[in-house]
Amino acid sequence: MDTLMQGAARDLARSNRAVALTGAGISVESGIPPFRGKGGVWEKFDPMAYAHIDAFLQDPERVWREFLVVLKATLDIAAPNAGHHGLARLEALGILTTIITQNIDGLHQAAGNSDVIEFHGTFARYRCMACGARISSRRIDTRRMPPRCDCGGIFRPECVFFGEMIPPQRLWRSEQVAASCDVMLVVGTSAVVQPAALMPLIAKQSGATVIEINPERTPLTDSVSDYFLQGGAGETMTELLQQVQRHIAETI
């Protein structure tokens, strides 16, 4: 009789149109705190005072000095963990096509995934508000507040601040890949923040198998997920990947 892990691995090994939805739970193992929940960033910083577009435009120096510098210091030293590397390996095997992520750290790309829809943008890159020039986070000079482009414009993260809309193209693409996948991996997300939380529902309604990897049960677990693999992202992804590769080897 198949275990949940074996069944999930078998279905994933047979897929060539898998999509992953990832959240903060995959990046906490890289030392990046979640924004919401216990121990989250919003326990230390009022999001309306530091992460709303109006607050940034009104006083960019304050937001940079008191918030963005702290966040940048954490993200600049973070590295992909086993969860990220497992998803990159699934792409290399021709199984995973796209990642939809709620994270803003750029670690999926650093691990090697090539098609990443960053639902909320990223803090790994910054954009000049005057000329539009883009620069990686590690190249930002924080000795001057707020950091400025050579043209004199102020740099802002390429994230979606509170008070800004998620770019329609990202939402449209997310819905399209969710509707066309045959397996959706849900990794490290509580599946309560909309509209990202809709993606597993769209996948399920379109006939996809939903594999959930989370340390705790979520609203998806009993009503949407076909497999619930309880555990941390890194350890669980590593075991799942080993099983997937075993299934592939057996079919060769």
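If you read the sequence from its start, that first residue is 1, and numbering goes on from there.
- In this view, Asp54 and His52 satisfy the side-chain contact (heavy atoms from CB on, under 4.5 Å) rule, not counting sequence neighbours.
- Asp150 CG: 12 or fewer foreign heavy atoms inside a 6.0 Å radius.
- A salt bridge does not link Glu239 to Arg246: none of the charged side-chain nitrogens sits closer than 4.0 Å to a carboxylate oxygen.
- By the salt bridge (Lys or Arg N to Asp or Glu O under 4.0 Å) test, Asp226 is found to be paired with Lys204, residues two or more places apart in sequence or in another chain being considered.
- Considering only residues two or more places apart in sequence or on other chains, Glu158 meets the salt bridge (Lys or Arg N to Asp or Glu O under 4.0 Å) condition with Arg125, Arg127, Arg134.
- Summarising the local packing, CD of Glu29 is surrounded by more than 12 heavy atoms from other residues, nucleotides or ligands at distances under 6.0 Å.
- Residues passing the side chain to side chain donor-acceptor pair (under 3.5 Å) test with Tyr126: none are found, sequence neighbours excluded.
- Counted by atom type alone, Asn214 and Glu212 present one or more donor-acceptor pairs between their side chains at under 3.5 Å.
- Side-chain contact between Tyr50 and Leu68 is absent, with no heavy-atom pair separated by less than 4.5 Å.
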Return a table of donor-acceptor pairs under 3.5 angstrom between the side chains of residues 86-98 and protein atoms on other chains or two or more places apart.
residue : atom : partner : partner atom : Å
Arg89   : NE   : Gln245  : OE1          : 2.9
Arg89   : NH2  : Gln245  : OE1          : 3.4
Glu91   : OE1  : Asn113  : ND2          : 3.0
Glu91   : OE1  : Ser114  : N            : 3.0
Glu91   : OE2  : Ser114  : N            : 3.4
Glu91   : OE2  : Ser114  : OG           : 2.5
Thr97   : OG1  : Ala18   : O            : 3.2
Thr98   : OG1  : Asp115  : OD2          : 2.8

Legend entry - Pair Arg170-Val160, side-chain contact (heavy atoms from CB on, under 4.5 Å): steps then yes or no: CA-CA 12 Å; Arg170 292 181 202 166; Val160 179; 3.8 Å; yes

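- Scanning both residues, Ser190 and Thr218, for their nearest heavy atoms gives O-CB, 3.6 Å.
- One side chain, Thr189 or Gln102, offers a donor N or O that lies under 3.5 Å from an acceptor on the other.
- Donor-acceptor pairing under 3.5 Å is recorded for the side chains of Thr22 and Thr101.
- Between Ala203 and Cys181, the shortest heavy-atom distance links the atoms CB-SG, 3.9 Å.
- Shown here are the ring pair (Phe, Tyr, Trp, His ring centres under 6.0 Å) partners of Phe161, two or more places apart in sequence or in another chain: Phe56.
- Shown here for Gly106 and Thr122, the closest heavy-atom pair between the two residues is N-OG1, 4.1 Å.
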